Amino acid sequence: MMFIVIEGIDGSGKTTIAKKLHEWLRSRGYEVFLTAEPTQGIIGRMLPSDSLSEFAETFLFIADRAEHTKIIRDKLSKGYAVVCDRYYYSTCAYQAVYLAKYFGGDEKTIDYLLKVQKPIIIKPTHAFLLDIEPEEGLRRIEPRGKRVKFEKIHFLSVVRKNYLYIAEIEGLIVVDASQPIDDVFRSIIAHISE
Ligand code: TYD
């Protein structure tokens with residue numbers, strides 16, 4: 001089984017890496033299912049949402065994932081290699097930022113979100129965290145000259161810290177994503193080829 005998940009904050013390059021992985025696996029003879037969350041399904045299309053309450057948004061991300069996992073399970077059972085751009089770690093890293101106040105801090109919230117998602121996920125064979133400073137990630141994706149709001153940088157720095165905690169307890173492979181994309185990709189395939 002080959003089930004690869006790519007995680008990281010906005011601007012970390014995970015979508016580019018997921019596409020390159022798709023091509024690389026195909027060139028090695030795999031049939032590949034490249035997929036992403038939030039999905040384009042009826043639930044995923046509502047996400048992310050500024051108008052939903054914190055709990056509604058959180059549990060919709062999880063509901064979207066529960067449906068997505070059924071598709072992933074089916075593809076894996078048919079022998080596909082699956083490459084997924086974001087998975088349950090995203091909900092832990094992002095939603096913990098605003099749920100922390102209800103559960104006694106970031107780490108307790110992450111532990112709760114991991115536990116609640118256990119029944120609806122499949123543990124990936126390889127999970128990578130593309131780690132980058134928010135300022136640098138945002139510089140890559142914001143139009144040149146547009147000033148990035150302080151709140152966004154602050155938000156993503158908490159997401160990044162959450163990701164590093166998750167990486168430690170869930171065993172994600174942390175890759176320095178500030179390197180040129182080809183170097184990031186090379187270190188990922190080195191891990192997969194092991
Ligand atoms: P995504 O489509 O991956 O956007 P990008 O490629 O720009 O990172 O994700 C959209 C946004 O949804 C992104 O800001 C992260 C957020 N998100 C969550 O907050 N929780 C989740 O569980 C998921 C899957 C995404």
Side-chain angles (χ1 to χ4, degrees), residues 3-22 34-72 82-103 106 109-122 124 127-143 146 148-149 151-163 165-167 170 172 175 177-178 181 184:
F3 177 23
I4 302 167
V5 170
I6 313 290
E7 291 278 356
I9 62 169
D10 312 51
S12 59
K14 63 194 172 40
T15 306
T16 308
I17 290 290
K19 284 190 190 138
K20 283 172 90 74
L21 258 179
H22 179 200
L34 176 63
T35 188
E37 294 189 357
T39 70
Q40 289 302 309
I42 49 165
I43 303 170
R45 278 201 299 268
M46 296 189 260
L47 298 165
S49 163
D50 288 333
S51 58
L52 289 168
S53 75
E54 295 160 344
F55 279 85
E57 186 182 47
T58 299
F59 286 98
L60 283 174
F61 273 119
I62 295 173
D64 182 43
R65 182 162 305 123
E67 291 304 296
H68 194 205
T69 294
K70 293 196 290 190
I71 299 168
I72 293 170
V82 175
V83 177
C84 192
D85 178 351
R86 296 193 182 284
Y87 198 39
Y88 68 99
Y89 314 102
S90 280
T91 300
C92 297
Y94 282 80
Q95 275 59 60
V97 179
Y98 56 60
L99 295 184
K101 55 183 180 281
Y102 302 107
F103 296 101
D106 293 359
T109 308
I110 290 166
D111 295 345
Y112 165 73
L113 289 169
L114 283 172
K115 194 168 165 190
V116 83
Q117 294 187 85
K118 263 268 151 63
I120 60 108
I121 58 107
I122 296 168
F128 294 96
L129 171 58
L130 305 190
D131 182 50
I132 192 165
E133 292 204 13
E135 289 88 342
E136 205 170 335
L138 290 173
R139 216 177 295 134
R140 288 179 177 174
I141 54 177
E142 295 288 346
K146 190 178 162 204
V148 178
K149 281 204 203 114
E151 301 89 78
K152 189 156 185 191
I153 292 180
H154 177 70
F155 173 80
L156 289 178
S157 59
V158 182
V159 175
R160 181 190 187 203
K161 178 183 68 75
N162 289 345
Y163 263 134
Y165 170 69
I166 295 159
E170 288 283 293
L172 279 75
V175 179
S178 66
I181 199 91
V184 175

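Counting convention: from 1, in listed order, for ligands and their atoms alike. These numbers come from a predicted model, not from an experiment. Just so you know, these numbers use all the heavy atoms, side chains as well, and skip hydrogens, waters and symmetry mates.
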Q.
Suppose the criterion is salt bridge (Lys or Arg N to Asp or Glu O under 4.0 Å): which pairs have a residue in residues 53-65, not counting sequence neighbours?
A.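 Listed by first then second residue: E37-R65, E54-K101.
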Q: Let me see the working for Y89 and N162 under side chain to side chain donor-acceptor pair (under 3.5 Å), right down to the final yes or no.
A: CA-CA 9 Å; Y89 314 102; N162 289 345; over 6 Å; no
Q) Are the aromatic rings of Y112 and Y102 close, with centres under 6.0 Å apart? A)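 Not under 6.0 Å, so no.
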Q. Under a 4.0 Å heavy-atom cut-off, which residues neighbour ligand 1?
A.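 Residue list for ligand 1: D10, K14, T15, E37, P38, P48, F61, R65, R86, S90, T91, Y94, Q95.
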Q | K149 NZ: over 12 foreign heavy atoms closer than 6.0 Å | A |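 Counting neighbours around NZ of K149, 12 or fewer heavy atoms of other residues, nucleotides or ligands fall under 6.0 Å, so no.
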Q) Aromatic rings Y163 and Y94: how do their planes relate, parallel, tilted or perpendicular, breaks at 30° and 60°? A)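 Perpendicular: the ring planes of Y163 and Y94 meet at over 60°.
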Q | Single hit among Q117, E7, E170 for side chain to side chain donor-acceptor pair (under 3.5 Å) with Y88 | A |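 It is E170; the other options fail the test.
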